[in-house]
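What follows is a short report on a single structure.
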Amino acid sequence: MDTRYVQSFVSVIESGSLAEAARRLDLTPAAIAARVRTLEEELGATLVKRVGRSVKATEAGLKVLERARSVLREVRDLRASATDDAPLGELRLGVSASALTGIMPVVLARLYRRLPKLAVFMEPGTSNHLYHRVINGDLDAAFIVKPQFSLSKGLAWRLVTEEPLVVLAPPGTASNDAHELMSTQPFIRYDRNVWGGRLADQYLRQHGITPRERLEVDGLMGIACMVSEGLGVSLVPDWAPDWLDSRRVKRVLLPGRAPLRRMGILWARHMPHSALAEAFVEEAGRALNLPEQRADAD
């Protein structure tokens, strides 16, 4: 059995779409469909079915899904451990999009100095998606927005940074009144399906601000680029001040105490790769000069 076909099946179920699975694996939808059909023939069962515009697992597909994920994890560990002097297994990290160009490169540079032959699998995604990937055991740790609910037993959390909400405005904007800008100018909304976007939406509601909404976007860098081109203003976490300044985006502070988006590392305790996850957490603390603290756990 070709594990690439197993990977294609898992990707189709996780994404709910042949097209999205093809994008993730850098293949064509036809190639993904062919791989899944071949796997179905080998197993003698139909694994996927179309439901409207999406693709879901059949009853047989659900039965083999977790075993398929386990097979892929074991194969990655096998490849990683075959390298001379490499740590046992592979560290599987989830990273929110904003951290990929911000904090993550600095932390990984330190981690590789400590463990130069470490194998790392990195998955980008929203905080909500990555949280559930850690819960399900698909990822060892994730750099995400802190969940606004109690953590499941066996998980630990390390706060890394707190990012206040700010209003982004086009260069040359005269007004420094954040509320006026959001009330009068075209508004680019941070997607309410992501945790940071919900924080911004909550602020708007609490202050009775009804923006002239033009766009709703999941992607802080994309929002900043649109603001810099004069498409509108936005309310987002102040996640990369230096980069925003380089884009000539004006940052307008909120009156009073701004809500904070808390970013940190979530990881699973007592798992096969928990030692690697904790090494990652330690290096994040050192790279960012964080004070020593005990990780939160429930």
Side-chain angles (χ1 to χ4, degrees), residues 95-107 124-131 143-148 159-265 284 287-291:
V95 187
S96 64
S98 61
L100 278 172
T101 54
I103 293 172
M104 191 55 57
V106 177
V107 176
T126 66
S127 294
N128 185 46
H129 170 73
L130 297 175
Y131 169 82
F143 195 101
I144 61 173
V145 179
K146 185 176 183 180
Q148 297 179 353
L159 179 66
V160 171
T161 186
E162 295 180 325
E163 303 162 344
L165 291 183
V166 296
V167 172
L168 300 186
T173 300
S175 175
N176 288 312
D177 187 319
H179 286 191
E180 178 189 17
L181 288 171
M182 290 188 289
S183 299
T184 62
Q185 300 301 308
F187 190 73
I188 304 171
R189 184 185 287 275
Y190 188 19
D191 187 357
R192 283 165 287 193
N193 290 317
V194 301
W195 290 346
R198 293 175 192 171
L199 184 66
D201 182 62
Q202 184 179 35
Y203 182 89
L204 293 171
R205 291 175 180 274
Q206 287 176 344
H207 290 82
I209 299 171
T210 304
R212 295 168 50 198
E213 191 167 332
R214 171 172 278 178
L215 294 165
E216 185 163 359
V217 181
D218 175 14
L220 292 173
M221 295 180 70
I223 290 174
C225 290
M226 292 178 189
V227 170
S228 72
E229 292 297 324
L231 293 179
V233 302
S234 189
L235 179 62
V236 297
D238 194 13
W239 88 99
D242 292 341
W243 185 84
L244 289 170
D245 289 343
S246 74
R247 296 295 307 179
R248 299 186 304 112
V249 175
K250 180 175 180 178
R251 306 200 319 281
V252 181
L253 301 181
L254 296 175
R257 186 174 181 179
L260 299 172
R261 183 177 80 156
R262 293 177 169 85
M263 297 292 296
I265 302 170
L288 302 168
N289 297 315
L290 300 178

Where [X] and [Y] come nearest, the two heavy atoms and their spacing:
X      : Y      : result
Leu130 : Gly125 : CD1-O, 3.6 Å
Pro170 : Gly230 : CG-CA, 3.8 Å
Ser234 : Val227 : CB-CG2, 4.2 Å

Among residues at least two apart in sequence or on other chains, which ones pass salt bridge (charged side-chain N to carboxylate O under 4.0 Å, His left out) with Asp191?
none

Arg251: partners by salt bridge (charged side-chain N to carboxylate O under 4.0 Å, His left out), with sequence neighbours left out:
Asp238, Asp245

Spacing of [atom1] belonging to [X] relative to [atom2] belonging to [Y], to within rounding of 0.5 Å:
X      : Y      : atom1 : atom2 : result
Lys146 : Ile265 : NZ    : CD1   : 13.5 Å
Leu199 : Leu165 : CG    : CG    : 4.5 Å
His207 : Gln202 : NE2   : CD    : 10.5 Å
Leu235 : Tyr190 : CG    : OH    : 11.0 Å
Cys225 : Leu220 : SG    : CG    : 11.0 Å

Counterpart residues, side chain to side chain contact (heavy atoms under 4.5 Å, CB included), relative to [X] (two or more places apart):
X      : value
Arg198 : Trp195
Pro124 : Leu100
Glu163 : Thr161, Pro237, Trp239, Arg261, Met263

In the structure I gave you, are the side-chain heavy atoms of [X] and [Y] within less than 4.5 Å of one another anywhere?
X      : Y      : value
Asn176 : Lys250 : yes
Leu253 : Val166 : yes
Leu254 : Pro259 : yes

Taking only residues two or more places apart in sequence, or in another chain, which ones meet [X] in a side-chain hydrogen bond (donor to acceptor under 3.5 Å, both in side chains)?
X      : value
Arg205 : Asp201
Arg192 : Glu216
Asp177 : none
Glu162 : Arg262

Would you say Arg189's side chain and Glu213's backbone share a donor-acceptor pair under 3.5 angstrom?
no

Atom pairs and distances, donor-acceptor, side-chain atoms in residues 180-188, under 3.5 Å, two or more places apart:
{"unit_1": "Glu180", "atom_1": "OE1", "unit_2": "Ser175", "atom_2": "OG", "d": "3.1"}
{"unit_1": "Ser183", "atom_1": "OG", "unit_2": "His179", "atom_2": "O", "d": "2.9"}
{"unit_1": "Thr184", "atom_1": "OG1", "unit_2": "Glu180", "atom_2": "O", "d": "2.7"}

Contacts of His129 meeting ring-ring contact (aromatic ring centres under 6.0 Å, His included) (sequence neighbours excluded), chain-then-number -> none

